[in-house]
Amino acid sequence: MSKKKIDLKKEYNIDLWDEERIKSFQTDILAWYDRHKRDLPWRQTKDPYKIWVSEIMLQQTQVATVIPYYERFIERLPDVKSLAEVSEEELLKLWEGLGYYSRVRNMQAAAQQIIEEWGGVFPDNRKDLEKLKGIGPYTGGAVASIAFGEQTPAVDGNVMRVFSRLFKIEDDLSKAKTKTLFEKLLSQIVPADRPGDFNQAIMDLGATKSMPKVYDPVDNPLPDYDASYQSDTWQEYPVKKGKVKQKQETYYAFLIKNDSDEFLLEKRPSSGLLADFWTFPLVDVLTFSSEDEKVLLPTSKQAPELSEQDQHVVHEYLEEEYQLTARFDPEAIGVVNHVFSHRKWTIYPFLMDGADIGEVAADLNLEWAAYEDFSSYAFPVPQQKMIQLYQSFLDNRS
DNA sequence: CACGCGTGGCT
DNA sequence: TAGCCAAGCGT
């Protein structure tokens, strides 16, 4: 028995298979992959740039969602240089609606890193890849194994689910240390030949055969090796602690038009939630309620009618915050609900006309934009929902 | 280590 | 409906 296997047993109490069984597992997995692998756009290339783009997009995102984004992104930015040089507006527009937007900002930083520190040549091994912004243990292993044939694991949620079932591993997946366990275990199992195909095969099996709530044993090489399946306890794996519930937040949004029929847009701060995306002026209702608890607190899921006093408060707020005066009072146009990974937003949008704006603080980053030009601004989904609401508001009126 | 960070599909 | 889940990473 090799030294590494003893370590696995000693440190994590895992009984690894013998060499013959490992070999047979590798053969079965690769044979399954050859017959059943999905035909995906990024599987038709060995270009590390394209593999990288696909892996970043696939983080916490389903394959079907990624495909159209991937096609468009590669067509517009076909190589590291074009990504390094593209403007932030266009970059965010390409990622608009895909979520986790720091991914694409990190990717551009990494592209610039590759140009400057690597002379434009893509790093060709896991260790160097992980020095790039946005490339962690999973993506480093994936790109190294798939694009460069390095014998190294790519441990993601699928891999951990599949292997926690194979070996009945009870460790909590939400702990960082548990990932180290799987890295060590998989290091003993990934084959020298076709490591990239092997890694992708395990992920495909996790996505289609050993799913969170469904186990499909048909045309599936796993059951022969799966201790949890054999004892009919696969549903108990993986062990994962519950996530914290989203926090509810309530906002008013103001769709403010000037006399040229342009809307006031505000660019969000360059860090934090929805960084650098455009929004209509957005106010947490608590901003108002701290002054007077009774003012502007909505009581229903319907768009609230603002009292005369409430409307006065809104005008005062817009004047103070944006040096903006509007001739007409805000009119409710509906309600927008949106769920993030960690927050829940309820937004009540109001329409205002006849706005005039004075001296604007430079750090606010405001712009007037015509409705027809919205396509050149990157909007997150809650803002897109508000635009939809405005459109149907117009349709109902006519 | 715990948390912040999006969105859409599915049950 | 509300919760769970998906090819994670940075701080």
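Within every chain, numbering begins at 1; the chains are lettered A, B, ... in the order of the sequence lines, protein sequences first and strands thereafter.
Atom CZ in A:Arg126 sits about 14 Å away from atom P in C:dG8, given to the nearest Å. In this structure, A:Lys131 atom NZ and C:dG10 atom P are separated by 15 Å, rounded to whole Å. In this structure, A:Leu173 places its CG atom 13 Å from C1' of C:dG8, rounding to the nearest Å. Put simply, CG on A:Asp172 is 12 Å from C1' on B:dC1, counting in whole angstrom units. Atom CG in A:Leu58 sits about 12 Å away from atom P in C:dC9, given to the nearest Å. One atom, CD1 of A:Ile56, and another, P of C:dC9, lie 7 Å apart when rounded to the nearest Å. Distance CG (A:Leu129) to P (C:dG8): 17 Å, rounded to an integer number of Å. When rounded to the nearest whole Å, the span between CE of A:Met160 and P of C:dC9 equals 10 Å.
Position along DNA chain C of the nearest nucleotide to A:Gly136 versus A:Lys213 favours A:Lys213 as the more 5'-ward residue. Where A:Leu40 and A:Ile135 each meet DNA chain C at their nearest nucleotide, the meeting point lying more 5' is that of A:Leu40.
Side chain of A:Lys177, nearest nucleotide from B:dC1, C:dC9, C:dA6: B:dC1.
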Are any protein N/O atoms closer than 3.5 Å to N/O atoms in nucleotides 4-7 of chain B? If there are, list each pair with its distance.
unit_1 : atom_1 : unit_2   : atom_2 : d
B:dC5  : OP1    : A:Leu273 : N      : 3.1
B:dC5  : OP2    : A:His342 : NE2    : 2.7
B:dC5  : OP2    : A:Arg343 : NH2    : 2.8
B:dG6  : OP1    : A:Tyr101 : N      : 2.8
B:dG6  : OP2    : A:Leu274 : N      : 2.6
B:dG6  : O4'    : A:Tyr100 : N      : 2.9
B:dG6  : N7     : A:Tyr100 : OH     : 3.3
B:dG6  : N7     : A:Ser341 : OG     : 3.4
B:dG6  : O6     : A:Tyr100 : OH     : 2.9
B:dG6  : N1     : A:Gln60  : O      : 3.2
B:dG6  : N2     : A:Gln60  : O      : 3.2
B:dG6  : N2     : A:Thr61  : OG1    : 3.1
B:dT7  : OP1    : A:Tyr101 : OH     : 2.5
B:dT7  : OP1    : A:Val381 : N      : 3.2
B:dT7  : OP2    : A:His338 : NE2    : 3.0

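Shown here is A:Glu88, whose CD atom has more than 12 heavy atoms of other residues, nucleotides or ligands within 6.0 Å.
For the pair A:Ser174 and B:dA2, the criterion of a side-chain N or O lying under 4.0 Å from OP1 or OP2 is not met. OP1 or OP2 of C:dG3 lies within a sub-4.0 Å distance of a side-chain N or O belonging to A:Lys245.
At a threshold of 4.0 angstrom between heavy atoms, the contacts of A:Ala176 are confined to the sugar-phosphate backbone, with no base atom among them. Across all strands shown, A:Trp42 has heavy atoms under 4.0 Å from base atoms, whether or not it also approaches the sugar-phosphate. Within 4.0 Å of A:Ser54, counting heavy atoms only, lies no atom of the nucleic acid at all. If you check every strand for non-hydrogen atoms under 4.0 Å, A:Arg268 touches nothing. When heavy atoms are screened at a 4.0 angstrom cut-off, A:Asn106 is found touching the sugar-phosphate backbone but no base atom. Nucleic acid contact for A:Lys241: none, since no nucleic acid atom lies under 4.0 Å from a heavy atom of the residue.
Base pairing analysis places B:dC1 opposite nothing; no Watson-Crick or G-U wobble pair with both distances below 3.5 Å involves it.
Two rings, from A:Trp95 and A:Tyr69, have their centers 6.0 Å or more apart. Ring pair A:Phe280/A:Phe254: centre-to-centre distance not below 6.0 Å. No close placement of the A:Phe122 and A:Tyr49 rings is indicated, their centers lying 6.0 Å or farther apart. For A:Trp278 and A:Phe374, the gap between ring centers reaches or exceeds 6.0 Å.
Considering only residues two or more places apart in sequence or on other chains, A:Arg72 meets the salt bridge (Lys or Arg N to Asp or Glu O under 4.0 Å) condition with none of them.
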- Carefully, step by step, assess A:Asp224 and A:Arg21 under the rule salt bridge (Lys or Arg N to Asp or Glu O under 4.0 Å). CA-CA 11 Å; A:Asp224 284 348; A:Arg21 192 162 173 79; over 6 Å; no
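The separation of B:dG8 from C:dC9, taken at their P atoms, amounts to 22 Å, rounded to a whole angstrom. Across C:dA6 and B:dC5, the matching C1' atoms stand 15 Å from one another, rounded to whole Å.
Remark: A:Lys23 does not engage A:Glu19 in a salt bridge, criterion side-chain N to carboxylate O under 4.0 Å.
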